[in-house]
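Bear in mind the structure is a predicted one, so any value in this text is a computation, not a measurement. So that the names make sense, note that chain A is the first sequence line, chain B the second, and so on, each numbered from 1.
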Amino acid sequence: MPELPEVETVCRRLRPFVSGKTIANVEVLDAKIIRGHEPEIWKQQLLDETIQDVERRGKFILFKLTNGYLVSHLRMEGKFFPHDEMVNPVKHTHVVFTFTDGTTLHYNDVRKFGTMELKTNDDLYVTPPLSLLALEPFDSGVTAETLHTRLKRMNVRAIKTALLDQSIFVGLGNIYVDETLFRAGVHPTRPSASLSLDEVRLVHQEAVAVLTEAIERGGSTIRSYTNPDGASGTYQETLYVYGQTGEPCKRCGRPIEKMKLGGRGTHYCPHCQQ
DNA sequence: AGCACTGTTTACAT
DNA sequence: TATGTAAACAGTGC
């Protein structure tokens, strides 16, 4: 489900809700979500911790604690729901945090792909998964030149596959990578090393624009994504190619096509993306 | 009914 | 080493 814009939307909602709150209890209803520690140990480490802030790194949510960080990844279907009081868990609720003020935070995840892991301050950025990420896409260190160099090194990989690789470029997922390539006029199967610097410039510019616009619209709701308040995003209303198979291209009017690339459904306009 | 598909990542085979 | 595939899981739609 969530790519960078959805995760950013979730973080912005959770930040004011949990910041300054102290964890009074944690119920782990499905241990599969917890990584790195036995659930009981994990829980003990969280008790009495105060959440200082909520940060985002790539598609990860970072709860900054008094000691260390709780790192969460929503994968396909993970969702956090804040509540002002105790609420009964529902079918796919796997973790429930209760704060000392009586408010609660539920983690729901239909497919149980999501993860939560505790990290020390020292380990956070120097151990996986965060150590594997490229810089944030909005970081001034990410330029067309640096991206061009990295894509050159990938020589034969399809540009779409390379852009989905979070160690190459952070934040794009299957929706936004298809949108980025359409807007840049680049065919998804193009070998990454074959892109000129000017083409990479365009790809970079469109990637940042797509992510920025999607954040402004609260992300995309295609089938199941909602923000922590249960509301949908609106970026899906502006999509050029994702999920538009057979629909006329908004630029040239010819039908959008869909193919399989690297195991992912890939939407593109064969006329606008050569 | 059964199979293919799904906003992600990674473990494992080649 | 690097790249492609399968797997983690549940639900939906054809």
Describe the nucleic acid contact of G173(A) in one word from base, sugar-phosphate, nothing, applying a heavy-atom distance below 4.0 Å. sugar-phosphate
Can you check whether R264(A) has a side-chain N or O nearer than 4.0 Å to OP1 or OP2 of dG7(B)? yes
Between CE of M76(A) and P of dC5(B) the distance, given in whole Å, is 13 Å
Mind telling me whether H267(A) and Y242(A) have parallel, tilted or perpendicular rings, with 30° and 60° as the class edges? tilted
Interatomic distance, F113(A) CZ vs dT10(B) C1' [rounded to whole Å]: 12 Å
Quick one: do E55(A) and R15(A) make a salt bridge, cutoff under 4.0 Å? no
Quick one: N108(A) CG to dC9(C) C1', roughly how many Å, whole number? 15 Å
Of L132(A) and E3(A), the one whose nearest nucleotide on DNA chain B sits closer to the 5' end is E3(A)
Determine: side-chain N/O of K112(A) to OP1/OP2 of dA10(C), distance under 4.0 Å, yes or no. yes
Is the phosphate of dT9(B), meaning OP1 or OP2, less than 4.0 Å from a side-chain N or O of H73(A)? yes
With a centroid cutoff of 5.5 Å and a plane-angle limit of 30°, would you call Y176(A) stacked on dG7(B)? no
Using the P atom as the reference point in each nucleotide, state the distance between dT3(C) and dG7(B) in Å, no decimals. 23 Å
Just say parallel, tilted or perpendicular for the rings of F99(A) and F97(A), cut-offs at 30° and 60°. parallel
When you check the glycosidic angle of dG7(B), does it come out syn, meaning within 90° of 0, or anti? syn
Ion pair R201(A)/D198(A), N-O distance below 4.0 Å: yes
Is the closest basic N to carboxylate O distance between R56(A) and E136(A) below 4.0 Å? yes
Between dC12(B) and dC9(C), how far is it from one P atom to the other, in whole Å? 15 Å
Whole angstrom is fine here: how far is it from CG in L172(A) over to C1' in dT9(B)? 15 Å
When you match K32(A) and T161(A) each to their closest nucleotide on DNA chain C, which lands nearer the 5' end? T161(A)
So G265(A), base contact, sugar-phosphate only, or nothing? Heavy-atom distance under 4.0 Å. sugar-phosphate
Candidates dG7(B), dG11(C), dA10(C) - which lies nearest the side chain of R111(A): dA10(C)
When you compare dA6(C) with dA4(B), how far apart are their P atoms, in angstrom units rounded to a whole number? 12 Å
Hey, does the side chain of K260(A) come within less than 4.0 Å of dT6(B)'s phosphate (OP1/OP2), counting only N and O? yes
Which of these nucleotides, dT10(B), dG7(B), dT3(C), is closest to any side-chain atom of P129(A)? dT10(B)
Could you give the CD-to-C1' distance, from Q244(A) to dG7(B), as a whole number of Å? 14 Å
Taking the side chain as C-beta and beyond, is there a heavy-atom pair between Y125(A) and S131(A) under 4.5 Å? no
Any H92(A) side-chain N or O less than 4.0 Å from OP1/OP2 of dG11(C): yes
If you look at every strand shown and take non-hydrogen atoms under 4.0 Å, does S224(A) touch a base, only sugar-phosphate, or nothing? base
Y242(A) OH to dG7(B) C1', in whole Å, measures 6 Å
To the nearest angstrom, how far is L211(A) atom CG from dG7(B) atom P? 16 Å
K258(A) side chain near dT6(B) phosphate (N/O to OP1/OP2, under 4.0 Å): yes
Which word best sums up how the rings of F60(A) and H73(A) line up, parallel for under 30°, tilted for 30 to 60°, or perpendicular for over 60°? perpendicular
Strand partner of dG7(B), provided both Watson-Crick or wobble distances fall under 3.5 Å: none
Value in whole Å for how far the P atom of dT8(B) lies from CG of L163(A): 13 Å
